[in-house]
Amino acid sequence: MRITIIGSGPAGYTAAFEAARRGCAVTLVERDSLGGVCLNRGCIPTKTLRASADAVLLAARLAEFGVTGMGAPGIDAGAVQRRKESVISILRTGLAKSCERLGISRLHGAARLRDAHTVSVRSDGEETRVEGDAVILAPGSRIRNLPGLGPDHERICDSNDALDLTEIPESCIIVGGGVIGCELAGILSAFGSRVTVVEAQERLLPLPSVDADISTLLEREMHKRKIRMLTRRTLDRVRVEDGKVRATAVPWGEGAQGDGEELEAARLFVTVGRAPDTEGLGLAEAGVRVDEHGWIGADAEFRTSVPGICAAGDALGPGRSMLAHVAAMEGLACVETLLGGHGQVDYAAVPSAIFTTPEIGCVGLTESQARAGGEEVVCATTLVRQLGKAHAMGELPGFFKIVASRGDGRLLGIHMAGAHASDMLGEATLALSLKADLWQMASTIHAHPTLSEGLFETARAALHELERSGA
């Protein structure tokens, strides 16, 4: 089978690798840089900057570990940028070599869908037509601008601008207390910027998948680092005056009242929302159905409204999980479907890693989601500071929380905040995927001393609570 794939982010390149390994002739089309948003303007650059932030925070604490003779740590923004670009380049080169090894044909240019068998690619004024048997759409998403907050990319900036800073602003306002905003707040604060986060909802990380207890912990830890948080606020009268960004933070939401607060900063970063990156693809002309916001419609096996055309990744919209690792699984599912199978993704066990300080890892239902769904639940929590490894590392903030069915002890959700929380998501996700219960997790031997013992201890605590209730 000949498959043309539009977009080379996690959905696109994962689908390309899988299709090629299964004997398909693959053409991968990308108008920007290989790797998509994740590699070039998302996951990888932000985590590279986060690594520099972690390093400077640790350097400031070296005396705690008995390390002496070090001067006051500082940040060389230029060096940070060079390291970030080096990491991206290494990984991009790795993707290119994988394409070459697997015999994947790559085209650089703007793709336009004609039908399930034809894609035209325009580059440098010339057009190439690619013929095939099927198409996978994986164009991804782009930054969505807010009315009145259009970036000038100098003082009023978007999240892409934040990744390319060659000097650290002495102060900044971050609009949006979601994942991107909170991660950026932690990075810039570690680099020495005075940070104010403005969030319209009543808590930071106001996502259904993030337990409210985790939001409370994050707010407390950010407060310790002198990051200001203004929740249930939005910005009015944003303007640039005398080289500064000025705005009024006003109450927002039902029953909102109170006076506005004048804010001033060297930079303002807008980190709210994504939009489908499908402009110019010719979806309407080809008959591919999209919703009122432009997100591509697809069924459970990722077929679009046009036979022979599948879609994966962010362009499917927020109705599914807009995460790189989910996009990769959707790309695999597209290939399975096109080759005659039933490619599906189980969205019930989608891990979410948030690289704030401390890190956050979540999978499955939160306590409020489980109760809202009619579940009788048992919950238990273990503080990270109860673990010997945490004390040895000097990383005490955080907790583990398990949500389980009171009826049969089945694990419904696992939520963690603390050092290396993202690295412990694998066990938690596997447990939920296998529909494991408290007895199974509580009887699994966990190595000592490790942070993952927190999962063991929390499962034991939940099991004792379950047994006390007579279930």
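All residue numbers refer to positions in the sequence shown, counting from 1.
Although no hydrogens or angles enter the test, the distance criterion places a donor-acceptor pair under 3.5 Å between the side chain of R203 and the main chain of L205. Using a distance-only test at 3.5 Å, with no hydrogens or angles considered, a donor-acceptor pair links the side chain of R267 to the main chain of E154. Remark: side-chain polar atoms of H293 are not paired, donor with acceptor, to backbone N or O of P276 under 3.5 angstrom. T27 places no side-chain N or O within donor-acceptor distance of the main-chain N or O of S105, the cut-off being under 3.5 Å. In this structure a side-chain-to-backbone donor-acceptor pair under 3.5 Å is missing from S141 to A315. A donor-acceptor contact shorter than 3.5 Å is absent between the side chain of D242 and the backbone of K244. Distance alone, capped at 3.5 Å, places no donor-acceptor pair between the S120 side chain and the T128 backbone. A side-chain donor-acceptor contact under 3.5 Å links T304 to the backbone of V306. Without hydrogens or angle criteria, T356 side chain to P358 main chain gives a donor-acceptor distance under 3.5 Å. Side chain of T337 to main chain of H342: no donor-acceptor pair is present (N/O by atom type, distance under 3.5 Å, no hydrogens or angles).
Taking CD1 from I360 and CG from L207, the interatomic distance works out to 9.5 Å, rounded to the nearest 0.5 Å. Residue I214 holds its CD1 atom at 13.0 Å from CG of L204, rounded to the nearest 0.5 Å. The CD1 atom of I180 sits 13.5 Å away from atom CZ of F355, with the distance rounded to the nearest 0.5 Å. Separation of atoms CZ (R239) and CG (L268) is listed at 11.5 Å; rounding is to 0.5 Å. The CG atom of L235 lies 14.5 Å from the CZ atom of R246; values are rounded to the nearest 0.5 Å. The distance from atom CD of E30 to atom CZ of R106, rounded to the nearest 0.5 Å, is 9.0 Å.
For E241, the CD atom is densely surrounded, since the number of other residues' heavy atoms within 6.0 Å is greater than 12. No more than 12 heavy atoms of other residues, nucleotides or ligands sit less than 6.0 Å from atom CZ of R385. Within 6.0 Å of CD in E279 there are 12 or fewer heavy atoms belonging to other residues, nucleotides or ligands. Heavy-atom neighbours of E64 CD from other residues, nucleotides or ligands within 6.0 Å: above the threshold of 12. For K97, the NZ atom counts as loosely surrounded, since its 6.0 Å shell holds 12 or fewer non-hydrogen atoms of other residues, nucleotides or ligands. Around NE2 of H223, the count of heavy atoms belonging to other residues, nucleotides or ligands within 6.0 Å does not exceed 12. M229 CE: more than 12 foreign heavy atoms inside a 6.0 Å radius. E202 CD: 12 or fewer foreign heavy atoms inside a 6.0 Å radius.
Contact check for V326 versus Y347: side-chain heavy atoms found under the 4.5 Å cut-off. Looking only at side-chain heavy atoms (C-beta outward), F400 and L387 come within less than 4.5 Å of each other. The shortest distance between side-chain heavy atoms of L49 and L163 falls below 4.5 Å. Looking at W295 and P318, their side chains come closer than 4.5 Å, going by heavy atoms from C-beta outward.
For E301, the salt bridge (charged side-chain N to carboxylate O under 4.0 Å, His left out) test picks out R303, with sequence neighbours left out.
Smallest separation of non-hydrogen atoms from L323 and P351: CD1-O, 3.7 Å. Residues A266 and V245 share a closest heavy-atom pair of O-CG2, 4.2 Å. Annotation for F191 and V80: closest pair CZ-CG1, 4.4 Å, computed over non-hydrogen atoms.
Remark: D277 does not engage R144 in a salt bridge, criterion side-chain N to carboxylate O under 4.0 Å.
With no hydrogens or angles considered, a side-chain donor-acceptor pair links E427 and H446 at under 3.5 Å.
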